[in-house]
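Beneath this line is the structure, given in structure tokens, with notes to follow.
Residue numbers start from 1 in every chain, and the chains themselves are labelled A, B, ... in the order their sequence lines are given, proteins ahead of strands.
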Amino acid sequence: MQPTEQDLHVEIAKAYEPQAIEAKWVRRWEELGVFTAQVESAKQPFVLACPPPNVTGSLHLGHAVNGTIQDILARTKRMQGYEVLWQPGTDHAGIATQYVVEKKLFREQGKTRHDLGRDAFLEKVWAWKQESGDRIFEQFKRLGASLDYTRWRFTMDEGYSRAVRRAFVQLYKKGYIYRGNRMINWCPSCLTSLSDLEVTTREQDDALYHIRYPMADGEGALVVATVRPETMLGDVAVAVHPEDDRYREYLNRQVQLPLTDRKIPVVADSYVEREFGTGCLKITPAHDANDFAIGQRHGLPVLNTLTATAILNETTGQYAGLTREVARKKVVADLESAGFLVKTEPYTHAVGRCSRCDTVLEPYLSDQWFVKMHELATPAIQAVESGRIKFHPSRWGDVYLDWMKNIQDWNISRQLWWGHQIPVWTCAAGHVTVEQQDPAACATCGDNHLTQDPDVLDTWFSSALWTYATLGWPDATPELTRFHPTQVLSTARDIIYLWVARMIFTSLEFLDEIPFSDVIIHATILDPEGRRMSKSKGTGVDPLLIMDKYGTDATRFWLAGAGTSSQDVRFREEKIETYRNFANKLWNASRFILTKAATKADSSRSLPAEVSTVSSPIDRWILSRLHGLIRDVSAHIDQYAFADAISALYDFTWNEFCDWYLELAKPRLESDDTAVRRVLAEVMDTLLRLLHPFMPFITEEISQQLVERQWAVSSQTLQHRPWPQFDPAAIDLEAEGEMALLIGTVRALRNMRAELRVEPGKVAPEVRIRVTRDAHPAFVRLSDLIARLGRAERITLLEDGQIVETARSATAMVGENQVILPFDGFGDVLEREVKRLQKEVGALEQEQTRIRQQLSNESFVSKAPAAVVDKIRARGSEVAVQLETLERQLTAWSNA
RNA sequence: GGGCGUAUAGCUCAGUUGGUUAGAGCGCCACGUUGACAUCGUGGAGGUCACUGGUUCGAGUCCAGUUAUGCCCACCA
């Protein structure tokens, strides 16, 4: 049954109201299972692994940017006929989660994890994970993210844990994992070691203390400079440069270490910079990585003066029990009163801090597990150098390579409880057993009293397996076969080393294939002042609030453009407002079409319009522009240049479709004109499909309304519709040229009316246009439209060369055509017209001078490409005609 | 100390392989209720493209240097 006109006259909200519509489509998509990837499908796969957010996390702008970027790809590829898997999941985020739960425990119960014990504490963490674990995916759903939620994985779920075990054991058995007693970064607050990547360095103002160390034999003294005077209690030597003449005589003698009864040697080491400070370096092997190395070279002892919590230990005598901060003050005071403090000068230097809790780290000597990186890095370097993996923008590939080529061994053990416990067992005899399954007995001696290493693995060790562990590895699952390697990975640049690099080398090691072929590094969103957003400073922006306020589509439209910008972008609400307005524009355009066009002439419903059957130049123009848009948007998406796609979509929709085509369609809709209805339906339907990956909600809603009125092909969702195909035959430069004449003429008339201050409501009885021979047929076709949009009752076309009485009228040039607007009924506007003409003539004269200079420059004419010279010549003759006409007009005025 | 970015309209940003009238949004000024949209429409003003030098017939675009600014890496206490 065909809907009647009354059925069609449904109320459509005057402004786009996103909330209810978004909620409806989130539900609907889920019910229909639109995002579920089919392993069995015959389609070519397109796979994105979503960077797993922390279980405890909630959606921030970074997630929103990245989610939008990936969703655009996922939705586009679905429409393009791919079997899309966008893999979701969360990361257990060892240190971050443990830190949050410990804080909560202390706040609520005043207890530490040690009060509870390992098992009870882990129960707490699991409970917390249960509580907040899927909140972020509810938020992703609101964003419209078309993740396959049925395949959600967690880095500590059962299968994933097996993958982690398998990875560790394989690396261990191949000799890539070793235990070493080395200087690592220690957080005295989190009480764990950290990898170099988990250290943030920040400059701070301190003092550089110059301390006199008297020679043990009483003859002279050396002065050392340090920012950490309290560490002198652990000094075991003073080093000078071997070729430093100032100190030659001190070598191989001893100094009496102040505040202690110890005598320590003076050694020579070329590490010492002669120019820095006094050229004498105190050596504290237990508390400085360089000093440790120097100590090794000279066979010096290691004297640890700190506890794990950075409190001075019993070796420091009277200072034992003090924190490092208090000890520093006391040591300085004692040195000063004993006369050892030579001077103190202000000093700015970089200090390493825990990236989690911001505590100043201690270099700390301890037993840790490491991954030997050099050999593993080699194929990972090759994969990027050969172009098998491409970074976008490409400069991040160089950043990756720099790091990979200077790779250091990776400290993977953490003294935490939350995470994958290291699968290494030791028996009473000290034999080590490393197995995937928990062993019952020692592999060497059969002893069945085994102790598992209490440490857990670095969180990044497990997330490094993300692209394939989520698909079932180490089992050869159908998913793994079908969906790996993945295609695109999109992420923030601050985890290129932590995560991207490690996924690459583990995938090459375990599967002998790359994990993905393209890496998109998206831009960072900064606050309005250009600073990094930070939760603690309160400069963070909650994307959910923005979505509530402006609609998710508007937010996504901005995010997609911002995220693929080549530089970082500042967040500003006004920018989202622009796209909120855009969504509203689109909404109203469709409202207009649905209420005005779709209510008449049922015959128009045999849609869509075939390009070849369209005859009106205006219709051919919009279809030509539409196909240009299809071509450009498709290309931009292929190149991940979403910002370009967005501006093309925005400009077409607003400036070409709404401002011109819809306006031109209005008079035609008064009649039963079927062509205009077909074209409107075709453009609208195509536009909605092009916009859909960027603005899924509003496009889905409008599209369904079109379907209800049988104005678009029926389908459950736009995801089931094909991506628009570019048709080169639709490109019609002639129609575009004709439209340029129309737009130019209408603008010229509007400009004259505005500048002459003609009342907007006043219709000119006549507008005369003196047209060139070439343009004549076009103007004949366009006259009615020009009259309507240019507010004239009648258009009279004059032949080129025809002498015209131009008095009492305003003149503007459109190319070489003269648009003449008689003053009839406009009042006294002569003076304004003269001013207008003078301004125009002035500008044209300037341009003409420039062009003449150009063309009289022989080397330009002979060396520049002919096309460029021709273009300037053509413009030159156009300018000449325009000038001549306008000047004649001016003369006529001055004679009048 | 090394590396990578960025400097274009009052603000936030585009400007493809160098081609001659440098664009957009916001803001600003003037006008506007022809029923899709005031979250709108029409017209307008506004830029010696950070600076200096070079290459070229021609430079916002390429090269060198300078200044400012941001980020990353790094073991000078």
Name the nucleic acid region contacted by [X], choosing base, sugar-phosphate or nothing; use a 4.0 angstrom heavy-atom cut-off, strictly under.
{"X": "A:P865", "value": "base"}
{"X": "A:E755", "value": "sugar-phosphate"}
{"X": "A:F292", "value": "nothing"}
{"X": "A:R753", "value": "nothing"}
{"X": "A:Y347", "value": "sugar-phosphate"}
{"X": "A:E574", "value": "nothing"}
{"X": "A:A289", "value": "nothing"}
{"X": "A:E663", "value": "base"}
{"X": "A:V272", "value": "base"}

Any idea which heavy atoms bring [X] and [Y] closest together, and the distance?
{"X": "A:K585", "Y": "A:C658", "result": "CE-CB, 3.7 Å"}
{"X": "A:T305", "Y": "A:G234", "result": "CG2-CA, 3.5 Å"}
{"X": "A:V633", "Y": "A:A645", "result": "CG2-O, 4.1 Å"}
{"X": "A:W660", "Y": "A:N655", "result": "CD1-O, 3.1 Å"}
{"X": "A:Q567", "Y": "A:A523", "result": "O-CB, 3.5 Å"}

message: Let's test your reading of the pairing rules: Watson-Crick or G-U wobble, both distances under 3.5 Å, then write RNA chain B as a dot-bracket string with ( ), [ ], | and dots.
response: (((((((..((((.....[...)))).(((((.......))))).....(((((..]....))))))))))))....

To the nearest Å, give me how far apart [atom1] ([X]) and [atom2] ([N]) are.
{"X": "A:E759", "N": "B:rU34", "atom1": "CD", "atom2": "P", "result": "14 Å"}
{"X": "A:L680", "N": "B:rA36", "atom1": "CG", "atom2": "P", "result": "13 Å"}
{"X": "A:Y650", "N": "B:rA14", "atom1": "OH", "atom2": "C1'", "result": "14 Å"}
{"X": "A:H636", "N": "B:rU16", "atom1": "NE2", "atom2": "P", "result": "12 Å"}
{"X": "A:R493", "N": "B:rU6", "atom1": "CZ", "atom2": "C1'", "result": "12 Å"}
{"X": "A:Y579", "N": "B:rU12", "atom1": "OH", "atom2": "C1'", "result": "11 Å"}
{"X": "A:N406", "N": "B:rG3", "atom1": "CG", "atom2": "P", "result": "13 Å"}
{"X": "A:L197", "N": "B:rC73", "atom1": "CG", "atom2": "P", "result": "8 Å"}

Of all the choices, [options], which nucleotide is nearest to the side chain of [X] once you look at every atom?
{"X": "A:K839", "options": "B:rU20, B:rA45, B:rU21", "value": "B:rA45"}
{"X": "A:F276", "options": "B:rC57, B:rU12, B:rC76", "value": "B:rC76"}
{"X": "A:F860", "options": "B:rC57, B:rC76, B:rU12", "value": "B:rC57"}
{"X": "A:N588", "options": "B:rC76, B:rA45, B:rA36", "value": "B:rA36"}
{"X": "A:L662", "options": "B:rG43, B:rC57, B:rA36", "value": "B:rA36"}
{"X": "A:R572", "options": "B:rC11, B:rC76, B:rA36", "value": "B:rC11"}

Just N and O in the side chain of [X]: are any of them under 4.0 Å from OP1 or OP2 of [N]?
{"X": "A:R570", "N": "B:rU12", "answer": "yes"}
{"X": "A:K871", "N": "B:rU20", "answer": "yes"}
{"X": "A:S565", "N": "B:rA14", "answer": "yes"}

task: Kindly determine whether A:D568 and A:R493 satisfy salt bridge (Lys or Arg N to Asp or Glu O under 4.0 Å), including the steps that lead there.
output: CA-CA 11 Å; A:D568 292 345; A:R493 63 161 170 272; 2.7 Å; yes

For [N] versus [M], give the span between their [atom1] atoms, rounded off to a whole number of Å.
{"N": "B:rC49", "M": "B:rC11", "atom1": "P", "value": "16 Å"}
{"N": "B:rA36", "M": "B:rG41", "atom1": "P", "value": "13 Å"}
{"N": "B:rA59", "M": "B:rA45", "atom1": "P", "value": "27 Å"}
{"N": "B:rA9", "M": "B:rA14", "atom1": "P", "value": "12 Å"}
{"N": "B:rG46", "M": "B:rC40", "atom1": "P", "value": "25 Å"}
{"N": "B:rG18", "M": "B:rU56", "atom1": "C1'", "value": "9 Å"}

Determine yes or no for a side-chain-to-main-chain donor-acceptor pair under 3.5 angstrom, with [X] supplying the side chain and [Y] the backbone.
{"X": "A:R753", "Y": "A:E759", "result": "yes"}
{"X": "A:N406", "Y": "A:D402", "result": "yes"}
{"X": "A:R246", "Y": "A:R274", "result": "yes"}

task: Applying ring pair (Phe, Tyr, Trp, His ring centres under 6.0 Å) between A:F582 and each of A:F557, A:Y16, A:W587, report the one that passes.
output: A:F557

message: Checking side-chain polar atoms at under 3.5 Å, does A:Q846 have a donor or acceptor matched by the opposite partner on A:T849?
response: no

Any side-chain donor near an acceptor of the partner, A:Q639 and A:H392, under 3.5 Å: no

query: Where each residue is assigned the nucleotide of RNA chain B containing its nearest heavy atom, which of A:H349 and A:R591 is assigned the position nearer the 5′ end?
result: A:R591

- prompt: Which sits closer to the 5' end of RNA chain B, A:A864 or A:R791, going by the nucleotide each is nearest to?
  reply: A:A864

message: Determine whether a donor-acceptor pair (one donor, one acceptor, N or O, separation below 3.5 Å) exists between the side chain of A:K14 and the base of B:rA36.
response: no

field: Check: B:rU20 base within 3.5 Å donor-acceptor of A:Q854 side chain
entry: yes

Are there any protein N/O atoms within less than 3.5 Å of an N/O atom in nucleotides 40-42 of chain B, and if so, which ones and at what distance?
{"residue": "B:rC40", "atom": "OP1", "partner": "A:N581", "partner atom": "ND2", "Å": "3.0"}
{"residue": "B:rC40", "atom": "O3'", "partner": "A:K585", "partner atom": "NZ", "Å": "3.3"}
{"residue": "B:rG41", "atom": "OP1", "partner": "A:K585", "partner atom": "NZ", "Å": "3.1"}
{"residue": "B:rG41", "atom": "OP1", "partner": "A:W654", "partner atom": "NE1", "Å": "2.4"}

query: Which residue, A:T284, A:I283, A:V302, A:I294, forms the side-chain contact (heavy atoms from CB on, under 4.5 Å) with A:V236?
result: A:I283

